[in-house]
Enquirer: 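The structure is given below, and queries will be raised subsequently.
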Amino acid sequence: MSLSGLLIAALLLCGMAGVLAALALLSGRDEQASARAETLAEALPGLDCTRCGHAGCLAYAMAVAEGRAETDRCQPGGEQSRLELEHRLGRYEVEPEKYVAFVRCAGGLAAPQRYAYDGPAACAAAAILPGGGPMECRVGCLGLGSCARSCPVGAIDMVDGVARVNRDKCNGCMRCISVCPRHIIEAVPRSAAARPACAASWMATPCDFGCDLCGKCVTECRAGAISIKDGAVTVDDARCTGCGRCADVCERGVFQRLRNR
Amino acid sequence: MSVRTVVTLALTALFLENFVFTRFLGVRAVIDASRSLRLVFMNGVVMIVLVGAAAPLVRLLDEYLLMPRGLEYLRLLVSVGVLMILSMGGEELMRRRLPGFYDALHAAQPMVMTNTAILGAVLLANQENLSAPQAALFGIFGALGFLLAALLFIGVRERIDMADCPGSFRGFPIALITLGLLSMAFMGFTGLRLW
């Protein structure tokens with residue numbers, strides 16, 4: 001090996017290092033924005049659905065961090081994502097309400113079935129079958145666990161053929177909502193005290209665990225927080241005191257207590 | 001360069017020596033990218049451009065700078081350096097001149113940087129004693145081969161996700177097994193003798 005060979009090798013490597021360093025210097029100035037974008041991205045669902053018009057959640061967060069985009073573009077995240085983004089940008093004093101997923105069905109294995117289903121273990125596959133799937137109820141949990149598999153933190157368990165959300169684990173990413181073909185998973189405020197676990201309106205369910213609109217919860221609620229709207233029981237969280245009386249009086253066990261007093 | 005050479009190069013890079021199935025390069029990238037069709041195409045496009053540019057460059061450097069002076073031992077370092085410079089420079093250029101492209105492809109960058117098929121394509125194109133344009137073609141067809149593998153795999157993966165797979169195989173293990181089966185299918189192409 002000659003000296004000139006060594007010299008050329010050294011020059012070559014130094015030259016490449018120099019070019020790389022120059023490039024790193026050129027692109028290094030937006031390090032701060034990208035660091036900020038990462039914290040902003042935590043406020044987004046992380047679905048990379050691109051409905052905001054950007055390449056993904058991180059690209060959108062980057063655009064927001066650089067002031068190129070508004071905060072209300074995220075469709076799956078909706079109002080919650082907008083508030084979270086605003087909060088992280090330091091524009092809001094109050095921390096926004098945290099949401100958790102809630103499955104509006106208590107039927108599961110005990111709910112009446114029209115036929116036995118023996119296909120792929122995916123809710124979307126069962127839901128496209130004739131009659132909207134093997135269940136008689138059109139808004140019942142199919143129990144095949146697509147939401148549980150989609151959950152990044154393992155907060156959803158399948159208990160007796162119906163999905164149950166572990167509120168301590170749920171981080172509010174709401175992936176399960178977009179996965180459920182029945183649209184029976186709902187985002188409820190973490191502070192909400194009670195919700196009816198049935199998505200049927202106007203008693204449109206043959207299930208023994210579905211709401212039959214008996215109205216007991218409405219009359220028994222002392223705070224007047226429960227009413228029937230569009231054929232379904234709704235809870236006004238602003239008035240609810242969290243006494244849990246609705247859950248006690250519900251004869252079908254539809255009402256579920258979400259937190260203890 | 002005759003049509004025959006081009007076809008030979010294409011068949012070799014796409015089927016005979018598909019990086020993913022016969023060399024097991026870029027397996028991680030295929031498994032990672034097969035989450036969505038978008039990611040697969042992003043990876044494919046970036047790889048085609050990058051390898052298409054880097055392979056002839058490295059070939060020229062090798063032929064006129066390294067080989068005459070007995071510096072072959074620098075081949076790997078030079079390849080990595082050229083790839084780094086091209087990908088960083090390209091990214092910077094896109095960010096300034098084509099922000100739309102930058103937004104679309106930026107997310108694929110970390111996956112591209114760890115894609116062994118890219119370095120593999122550049123090194124292999126160099127080994128085959130090809131001319132610079134041939135090396136570029138070999139690289140581009142190799143990248144297309146990667147795209148083909150990823151597309152095949154994403155189709156199979158969609159079915160696997162639906163299937164009732166034993167718990168111990170779910171996820172990564174079954175992905176590797178599937179890839180192995182696919183690569184066995186590709187082994188069938190080794191019967192073709194072109195070179």
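Bear in mind the structure is a predicted one, so any value in this text is a computation, not a measurement. All values below were derived from every heavy atom in this structure, side-chain atoms included, with hydrogens, water molecules and symmetry-related copies excluded. Letters A, B, ... are given to chains in the order of the sequence lines, protein chains preceding strands, and every chain is numbered from 1.
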Enquirer: Tell me whether the count of non-hydrogen atoms from other residues, nucleotides or ligands lying under 6.0 Å of CZ in B/Phe169 goes above 12.
Expert: no
Enquirer: Working note: B/Leu66 + A/Leu12, criterion side chain to side chain contact (heavy atoms under 4.5 Å, CB included); need CA distance, chi angles, decisive distance, verdict.
Expert: CA-CA 10 Å; B/Leu66 301 185; A/Leu12 194 67; 3.9 Å; yes
Enquirer: Could you grab the distance from atom CE of B/Met84 to atom CG of A/Leu20, nearest 0.5 Å is fine?
Expert: 5.0 Å
Enquirer: Determine whether B/Leu74 and A/Leu13 satisfy the following criterion, side chain to side chain contact (heavy atoms under 4.5 Å, CB included), listing intermediate values before the conclusion.
Expert: CA-CA 9 Å; B/Leu74 280 179; A/Leu13 291 187; 4.1 Å; yes
Enquirer: Hey, could you give me the CD/CG distance between B/Glu92 and A/Leu25, rounded to the nearest 0.5 Å?
Expert: 10.5 Å
Enquirer: CD of A/Gln113: more than 12 outside heavy atoms within 6.0 angstrom?
Expert: yes
Enquirer: For A/Asn166, does the CG atom sit with more than 12 other heavy atoms under 6.0 Å from it, leaving out its own atoms?
Expert: yes
Enquirer: Where does B/Leu77 contact chain A at under 4.5 Å (heavy atoms): side chain, backbone, both or neither?
Expert: both
Enquirer: Heavy-atom count check: over 12 atoms from other residues, nucleotides or ligands less than 6.0 Å from A/Arg138 CZ?
Expert: no
Enquirer: What do you reckon, is CD of A/Glu70 surrounded by more than 12 foreign heavy atoms closer than 6.0 Å?
Expert: no
